[in-house]
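Taking it in order: structure first as structure tokens, then the write-up.
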Amino acid sequence: MLITMKELLKAAKEHKFAVGAFNVADSTFLRAVIEEAEHSNSPAIIAIHPTELEFLTDEFLAYARQRALASHVPLVIHLDHGGSIADIIRAIKCGFTSVMIDGSLLPYEENVALTKQAVEIAHAASVSVEGELGTIGQTGNSIEGGVSVVTYTDPAQAQDFVARTGIDTLAVAIGTAHGIYPKHIKPELQMDILKEISQLVDIPLVLHGGSANPDQEVSDSVQLGICKINISSDMKHAYFKKAREILSTTELWDPNAIYPECITEARNVIRYKMELFHSVGKADLYKGLRYEQRQAESVSLY
């Protein structure tokens, strides 16, 4: 079942659970996410970063859409950290059902203008939009980047940003970072900021940099309004750790001999996150939704 992010997170917000957005870097990661979602009867978000899309090519989306449409669980295909209107239009043409426009490093008014423009284009094609306010840290081992000093989301500004842009979801900065944290760094989420934002903003909130954060803080954040949590590094780390183990101890070269165990390791992480986010078994909440039927009736400008 392929649906929009707005539809997906409406139920998550109402029933107080979060949906994992798992970055898909190739077909084996796509398999890991969808197969585990189906096994756990959980909704899931297939996230693809622009650099990942460059590697995958636009044609990959035809396969991803076909697989998602055939699934019995609700799935969203989401552009992660789109940096320009060109990124947004490309994603819409490819068949994404949700896009993120990331103007978080721009001056506030420029972020508002860029995000509003993205919303006008995407909503015309029945595609959901995620915006971002504040900045996410970086650990130095993720393609998604980040900044060395985090700018926390200002709650009052978040309220203004949502009202002026018309976004469907808002990514907030409360102290997370992209990548795996070094052993000497202990992440601590600023729950007081999140609580204030959730009191002022009525749309679903998003947590980027969800890998390697303390489980209790992540669980608490869900109760305070986080409905989507981005996971990339934890899943990829498990996958490639197993790949390195296999390649360093065998002479195997056939993908069908090497990758099945890697997929299993990635699925183990995905399952753990789904349990932590309380999304296991929640697919039944979405019965009757069919995004593709409504999309066929809408007129895209592109």
Side-chain angles (χ1 to χ4, degrees), residues 5-6 9-10 12-13 16 18-19 21 78-85 87-88 98-120 122-123 128-139 142 144-179 181 185-214 216-230:
M5 189 76 75
K6 183 176 182 178
L9 299 189
K10 179 181 178 181
K13 183 175 175 60
K16 286 191 175 295
V19 183
H78 174 71
L79 179 70
D80 187 28
H81 288 286
S84 67
I85 295 300
D87 284 342
I88 300 304
S98 173
V99 294
M100 177 190 184
I101 183 68
D102 184 359
S104 60
L105 296 180
L106 298 172
Y108 180 67
E109 290 299 330
E110 292 182 29
N111 189 4
V112 169
L114 176 65
T115 304
K116 184 177 180 179
Q117 184 182 5
V119 168
E120 291 171 352
H123 281 184
S128 300
V129 181
E130 175 184 330
E132 183 169 352
L133 194 60
T135 57
I136 308 299
Q138 58 89 22
T139 59
S142 169
E144 296 176 280
V147 297
S148 56
V149 179
V150 172
T151 299
Y152 294 101
T153 302
D154 177 81
Q157 197 172 62
Q159 184 180 36
D160 178 72
F161 188 75
V162 170
R164 291 173 62 186
T165 61
I167 52 174
D168 302 294
T169 59
L170 175 66
V172 296
I174 58 172
T176 56
H178 291 135
Y181 294 93
I185 295 179
K186 179 184 177 183
E188 292 185 10
L189 307 188
Q190 303 302 308
M191 294 300 182
D192 56 331
I193 296 176
L194 177 58
K195 184 176 182 179
E196 190 174 352
I197 294 171
S198 66
Q199 291 172 342
L200 296 173
V201 173
D202 62 359
I203 63 173
L205 302 178
V206 177
L207 186 67
H208 282 250
S211 292
N213 287 283
Q216 187 59 55
E217 289 189 350
V218 171
S219 181
D220 291 345
S221 75
V222 174
Q223 298 306 307
L224 290 174
I226 294 294
C227 299
K228 169 179 174 276
I229 301 176
N230 288 27

* **Criterion side chain to side chain contact (heavy atoms under 4.5 Å, CB included) on K228 and V19, from CA distance to verdict** => CA-CA 5 Å; K228 169 179 174 276; V19 183; 5.6 Å; no
* Asked: Do T169 and L205 pass the side chain to side chain contact (heavy atoms under 4.5 Å, CB included) test, and can you show the C-alpha distance, the side-chain angles, and the key distance before you say yes or no?
  -> CA-CA 6 Å; T169 59; L205 302 178; over 6 Å; no
* Take L200 and V162 through the side chain to side chain contact (heavy atoms under 4.5 Å, CB included) test and state the conclusion after the steps. => CA-CA 10 Å; L200 296 173; V162 170; over 6 Å; no
* Would you please test E130 and H208 for side-chain hydrogen bond (donor to acceptor under 3.5 Å, both in side chains) and show each step? => CA-CA 12 Å; E130 175 184 330; H208 282 250; 2.7 Å; yes
* Asked: Between V129 and M100, is a side chain to side chain contact (heavy atoms under 4.5 Å, CB included) present by the stated rule, with each step listed?
  -> CA-CA 6 Å; V129 181; M100 177 190 184; over 6 Å; no
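Atom CD in Q190 sits 11.5 Å away from atom OG1 in T153 (nearest 0.5 Å). With rounding to the nearest 0.5 angstrom, the CD1 atom of I101 is 4.0 Å from the CD1 atom of I88.
D168 is linked by a side chain to side chain donor-acceptor pair (under 3.5 Å) to H123, counting only residues two or more places apart in sequence or in another chain. Residues satisfying the side chain to side chain donor-acceptor pair (under 3.5 Å) criterion with D87, sequence neighbours excluded, are absent altogether.
Here the side chain of S221 pairs no donor or acceptor atom with the backbone of I226 at under 3.5 angstrom. Remark: side-chain polar atoms of N111 are paired, donor with acceptor, to backbone N or O of E132 under 3.5 angstrom. Side chain of S198 to main chain of K195: a donor-acceptor pair is present (N/O by atom type, distance under 3.5 Å, no hydrogens or angles).
The pair R164-E109 meets the salt-bridge criterion, since a charged nitrogen lies less than 4.0 angstrom from a carboxylate oxygen.
In this pair, F161 and Y108 present their aromatic rings tilted. The plane angle is within the 30 to 60° band.
Within 6.0 Å of NZ on K116 lie no more than 12 heavy atoms contributed by other residues, nucleotides or ligands.
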